[in-house]
Undergrad: 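Structure below; questions to follow.
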There are 2 protein chains.
Amino acid sequence: MQTTTAPAATEAAEGPAKYGVFRLAYDVANEDPALTRNWKKTVHIAVTGASGQISNHLLFMLASGEVFGRDQPVALQLLGSQRSREALEGVAMELEDSLYPLLREVSIGIDPREIFKGADYALMVGAQPRGPGMERADLLDLNGRIFKDQGQALNDVASPDVKVLVVGNPCNTNALIAMENAPRIPRKNFHALTRLDENRAKCQLALKSGKFYTNVNRVAIWGNHSTTQVPDFVNARIGGRPAIDVIGDMKWFRNEFTPTVAQRGGALIKKWGRSSAASTAVSVADAIRALVTPTAPGDCFSSGVITDGNPYGIPDGLIFSMPCRSTGDGNYEICDDFIIDDWLRSKINASVDELVKEKECVGHLIGTPNPVCRITKDDEDTWLPGEN
Amino acid sequence: MQTTTAPAATEAAEGPAKYGVFRLAYDVANEDPALTRNWKKTVHIAVTGASGQISNHLLFMLASGEVFGRDQPVALQLLGSQRSREALEGVAMELEDSLYPLLREVSIGIDPREIFKGADYALMVGAQPRGPGMERADLLDLNGRIFKDQGQALNDVASPDVKVLVVGNPCNTNALIAMENAPRIPRKNFHALTRLDENRAKCQLALKSGKFYTNVNRVAIWGNHSTTQVPDFVNARIGGRPAIDVIGDMKWFRNEFTPTVAQRGGALIKKWGRSSAASTAVSVADAIRALVTPTAPGDCFSSGVITDGNPYGIPDGLIFSMPCRSTGDGNYEICDDFIIDDWLRSKINASVDELVKEKECVGHLIGTPNPVCRITKDDEDTWLPGEN
């Protein structure tokens, strides 16, 4: 009886040890060559917080082929914590039982230096949840340490062109910390998730305009994934026309639109009793798909990316959500044709101020000389309701 | 300002009231005719237990297009309970925020006569969970009452050709009760989910043979979705050869294979701390996809279906898992070329006996004259571990 087979010759043998049925090699020779001729090299995707609620949706979306495409084999490298070690195995067992034909490898572990090996994508879902009464500065430090360590691990073992998407909050500053601790990886490869905010903003514009959401595009989220975020109605379009003209209610835009988007997670948790794991996972899938499929002409997607050299006068050295477009090769450029009116500018500046302050508070984690933290418990709490 | 638009002319206006953004009509005229020319009429899918864990995965799979196809608009009609009314709204909000282009309608409610209106598919995920110390006969009755009511509702308001898939346990007998209470709907349209068992069986055959699971096919599950289920290794193939020859270990097949498959849910709950909602949802998606895509030549899929006129001498009038094939039009036929050896026959007979007993115990719900229940608390418990 045969219990293992050699890896298929076309795949590199590097990466962490495989789990269960995924120790077996997929044999491309059994498939119809007409089907497999155009198949790409397996994409290796590391996911942190892999036994949590968001990942429990996300991993199955990744495995199904709906994110990277039906001709793209995938390997999942799952990072958990010592505490969640058994749950991680449970997730791997469910992935085994799902028999996804494109899912070629699953690895599980608790050491980022093992699990990030050879990763082409790193989806950083895990973060320390905010405990009761925990102050923002403490939380920044607590998560910052995790992301410093994980950034260094990415630097050491991931693919040198790994794309990193941070979901765990505070995601902009966590992404900044990982980036600053991974000098070998291009700075523009780091993203913080604001696609959920974009999706929620599009839904609210659809609801208000009476046009189905497929008509809504060019909706940028600017800034931090916090209550200072700026959902951009100035450049948004509905059915090809400016959203401002279609809706024609500036009071709603200025007073209701932004808080409705920012408080959506809170509204949902009140109904649902728990945070919106499924739609967060959908937005992660959307955010990755945006990088690996060409952006429609004239459209954009939102992502928190490095501001270095941006065309909007936002200070360099921040991870800041801006409108982006992609040719579908995993990279992006910042859209340069968005109009910034005075209202947008003032809101963007407020989000810049917040991110600068956050950056100061994690100075000790990113090599800032003589760092000083100006965030105190008397500052307004800009943590998004309904998020950990 | 426009707050609603008329439904698109091509869609019937029947069905339950729509939720939130789904009150708005999708306007096919905005789309590229090259894309929409071949689009089909919206499929209406009712889902019960819609705020539960399995549905929380399943609904997003249905909405994404991975089940019914990328050219198939879908409407989701979600049934919850009074107790879960708010959670149901939370699910609908997450579906709104996910902006699935193929998801055209979402309705939520607690009245099956409202929610089942016009349904083309009814996925009966909800069931009363088994309480501590609850006896099987009591559970059969408790769930039977729900499925009697829901069967009558389907009969009254669903599409006359609705396909019904029962996931809530005991699913075979629940499906039987729904079927017997829906005389207007063809008996062969009722299914009980055994696809999860099939998937788990394929995974175990892959693990044991050292061949990746894509090489394993023709794996039938016979009988009841309980510990009397019969995962069929006699007809199973691995890489085109009989699984028995490839693995060559009859002791493993007879003593370990079946319990490993049947106890997989229990093994998983020990690791994971909760039941296997994600892989169950995947298997529901697989089960529906099996009906709407043509079965590969020589292959089969497992489903609990009505035994009337089956080619294997199984008594008529039971919902019994058997190997099926489909031309992809939503219907199926029972494969007639499976070999039943003495071992399989004895196991199948045991599962028949169990289902006959279950049927007797719900006689009062399906119009049996003078029903007598022979299941007592001294009977062996055949409830699958790890399932509610």
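Every chain is numbered from 1, with letters handed out A, B, ... down the list of sequences.
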Undergrad: Test B:Ser276 against every option in B:Arg200, B:Glu387, B:Gln53 by the side-chain hydrogen bond (donor to acceptor under 3.5 Å, both in side chains) rule and name the one that passes.
TA: B:Arg200

Undergrad: For the atom pair CD (B:Glu105) and OG1 (B:Thr42), what is the distance rounded to the nearest 0.5 Å?
TA: 6.0 Å

Undergrad: I need the residue from B:Leu99, B:Leu88, B:Asp286 with the largest number of non-hydrogen atom pairs under 4.5 Å to chain A.
TA: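 Among B:Leu99, B:Leu88, B:Asp286, the one with the most close pairs to chain A is B:Leu99.
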
Undergrad: Decide, yes or no, whether a salt bridge links A:Asp249 with A:Lys208 under the criterion of side-chain N to carboxylate O below 4.0 Å.
TA: yes

Undergrad: So which part of A:Leu102 gets closer than 4.5 Å to some heavy atom of chain B, the side chain, the backbone, both or neither?
TA: neither

Undergrad: Under a 4.5 Å heavy-atom cutoff, which of A:Leu103, A:Leu95, A:Leu196, A:Val216 has the most pairs with chain B?
TA: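 Most heavy-atom pairs within the cutoff with chain B belong to A:Leu103.
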
Undergrad: Relative to chain A, which segment of B:Arg274 carries a heavy atom at a distance below 4.5 Å: side chain, backbone, both, or neither?
TA: side chain

Undergrad: For A:Arg70, is it the side chain, the backbone, both or neither that has a heavy atom under 4.5 Å from a heavy atom of chain B?
TA: side chain

Undergrad: Between B:Ala201 and chain A, which part of the residue has a heavy atom less than 4.5 Å away: side chain, backbone, both or neither?
TA: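 For B:Ala201, no heavy atom lies under 4.5 Å from chain A.
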
Undergrad: Should B:Glu198 and B:Arg218 count as an ion pair when the cut-off is N to O under 4.0 Å?
TA: no

Undergrad: Once you measure the plane-to-plane angle for B:Phe253 and B:Phe233, does it fall in the parallel (<30°), tilted (30-60°) or perpendicular (>60°) bin?
TA: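 Ring orientation, 0 to 90° scale: parallel.
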
Undergrad: Does a side-chain N-to-carboxylate-O contact under 4.0 Å join A:Arg264 and B:Glu96?
TA: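 B:Glu96 and A:Arg264: salt-bridged.
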
Undergrad: Given the options A:Leu268, A:Leu59, A:Asn215, which has more heavy-atom pairs under 4.5 Å with chain B than any of the others?
TA: A:Leu268

Undergrad: If you count heavy-atom pairs under 4.5 Å with chain B, which of A:Ser279, A:Gly90, A:Ala206, A:Ser283 comes out on top?
TA: A:Ser279

Undergrad: So which of B:Lys270, B:Arg85, B:Glu89 has the largest heavy-atom pair count under 4.5 angstrom toward chain A?
TA: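 Winner by heavy-atom pair count: B:Glu89.
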
Undergrad: Take the angle between the ring planes of A:Phe60 and B:His57 and call it parallel below 30°, perpendicular above 60°, tilted in between.
TA: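 Perpendicular: the ring planes of A:Phe60 and B:His57 meet at over 60°.
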
